[in-house]
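Take a look at the structure set out below.
Naming: A, B, ... by sequence-line order, numbering from 1 per chain.
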Number of protein chains: 2
Amino acid sequence: MTPETIASELRGELMAGVLRPGTDLSQVELAQRFGVSRIPIRDALRILSAEGLVEIEANRGAKTISLTPDEVREIYDLRILLECDCLQRAAAAMTPAALEEIDRVRLKSDLDAGGPDWADGDWAFHRAIYQLAGRRRQLAMIEALRRTCVLFVSAYATMPTKKPRWLGDHDAIVKHLRRGETEQAVRKLQGHLEGAATHLIAQMTASLG
Amino acid sequence: MTPETIASELRGELMAGVLRPGTDLSQVELAQRFGVSRIPIRDALRILSAEGLVEIEANRGAKTISLTPDEVREIYDLRILLECDCLQRAAAAMTPAALEEIDRVRLKSDLDAGGPDWADGDWAFHRAIYQLAGRRRQLAMIEALRRTCVLFVSAYATMPTKKPRWLGDHDAIVKHLRRGETEQAVRKLQGHLEGAATHLIAQMTASLG
DNA sequence: AAGTGTATACATGTATACACAAACGCTTCA
DNA sequence: TGAAGCGTTTGTGTATACATGTATACACTT
């Protein structure tokens, strides 16, 4: 039960929607639950805070993040900026072998598309592409932003209703990459993310107001 | 002596070049120095780790980051991406009053340009612009990336040799903004950052062998 | 002589105990 | 009835003590 293990467990619950945004995270409660003292719990909370999933206020404890629709919009804008740039760099480093691998991951993710782990498959696909850019830090930043989004997607139960369109975007991106149409692949990705953003924000505003 | 205070103090030393990249940060040593136990030290190190200034390895302690020229290049590319986007958004929200304030900060930063706190003035100028974009998270990400850069600039003592050009860039950006030439302001900023990047990386490779 | 195993020293990780700050409820007074 | 003041209570923050993991040096084996 290391702090990393605990953080990982909590991260999973956050992203699965078990812990909803704004939930208080009591140190004593978590310590009892994981059967450890509060020290490793504090470390775990700091790890999650570093990832932006938890907010810590001095002397007032930690709670899961709670963002306004505007803040979610900003995060998606950042994702568009960083992911489109990453895709562009990846396209420049594309090889036939890499393309094959990407399409393999895409097909596998299609199967999970209906289940509860659809987000994992989705990310596996995007990561398979982004990896080729060879940008560790950028990828880490993208992943952190994405985690935050997933937290809210799970919380507001906005499973993409237009699943076919969503899978079709993936297919289209691969096809564009195969043909060397970088520009169009990037534009497709941008639309993909825009769609996710507007969908989530609509659900949030509907749920909040 | 809260963890935040300690982190702030260490951050200052890191960015001033007192603590060079790769320095080991012993918990007991820091605890003695700040006159506290190791617990708040651990918290402070986690805060700095979250900011990307310190690396923590389980059971092996913390040390200040040590980046390769390639990683520095990636960081500057990210800064260009995020800062140019931020400038564009700021330009869209520009007002005469804001412009006046920006120029005021610019003039003030010109005075500090020769001293040891030149980095603070430089950042004050850029931040004065970026603020207008109203993007908290993006600004925080830019600031984190910038801090990392400053750490290496200080370590390798690469005070801009071409100070006039550097200050001239600031002046040019303001002038373009005043005329509503967003496109050109963005391009000037990009060149500004590119210049800083190539300069630092050249110094690093020269210093490293 | 080179490599490996082991013992010792040292740094980090964790648990317990205590100090302190904030939130809550109660009493009391206007 | 409402509000302000004060003690209680709950939870976080920190110090101390102990457990565990890692590095170094030395002895031993090959």
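The overall bend of the helix from C:dA1-D:dT30 to C:dA30-D:dT1, read as the angle between its terminal helix axes built from five base pairs each, is 20° when rounded to 10 degrees.
For B:D171, the salt bridge (Lys or Arg N to Asp or Glu O under 4.0 Å) partners at least two apart in sequence or on another chain are B:R106, B:K175. Contacts of B:Q32 classified as side-chain contact (heavy atoms from CB on, under 4.5 Å), with partners at least two apart in sequence or in another chain: none. For B:E4, there are no salt bridge (Lys or Arg N to Asp or Glu O under 4.0 Å) partners two or more places apart in sequence or in a different chain. Checked against salt bridge (Lys or Arg N to Asp or Glu O under 4.0 Å), A:E143 has the following partners two or more places apart in sequence or in another chain: A:R147. Annotation: salt bridge (Lys or Arg N to Asp or Glu O under 4.0 Å) contacts of A:R79 (sequence neighbours excluded): A:E83.
Contacts of residues 30-58 of chain A with DNA chain D (heavy atom under 4.0 Å): A:R38, A:R42, A:A58.
Classified by interplanar angle (parallel below 30°, tilted 30° to 60°, perpendicular above 60°), the ring pair B:W166/B:W118 is perpendicular.
The side chain to side chain donor-acceptor pair (under 3.5 Å) contacts involving residues 89-100 of chain B comprise B:D85-B:R89, where partners must be two or more places apart or lie in separate chains. For the salt bridge (Lys or Arg N to Asp or Glu O under 4.0 Å) condition, the pairs that include at least one residue of residues 120-138 of chain B, sequence neighbours left out, are A:D77-B:R135.
For DNA chain C, the contact window with chain A, defined by any atom under 4.0 Å from a protein heavy atom, covers C:dT14 to C:dA23 in 5' to 3' order.
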May I have the list of side-chain donor-acceptor pairs in residues 62-70 of chain B shorter than 3.5 Å, sequence neighbours left out?
unit_1 : atom_1 : unit_2 : atom_2 : d
B:T64  : OG1    : B:R20  : O      : 2.8
B:T64  : OG1    : B:G22  : N      : 2.7
B:T64  : OG1    : B:T23  : N      : 2.9
B:T68  : OG1    : B:E71  : N      : 3.3
B:T68  : OG1    : B:E71  : OE1    : 3.4

Using residues 8-19 of chain B as the side-chain source, report each donor-acceptor pair under 3.5 Å to any protein atom, sequence neighbours left out, with the distance given to one decimal.
unit_1 : atom_1 : unit_2 : atom_2 : d
B:R11  : NE     : B:E51  : OE1    : 2.8
B:R11  : NH2    : B:E51  : OE1    : 3.4
B:R11  : NH2    : B:E51  : OE2    : 2.6
B:E13  : OE2    : B:R33  : NH2    : 2.5

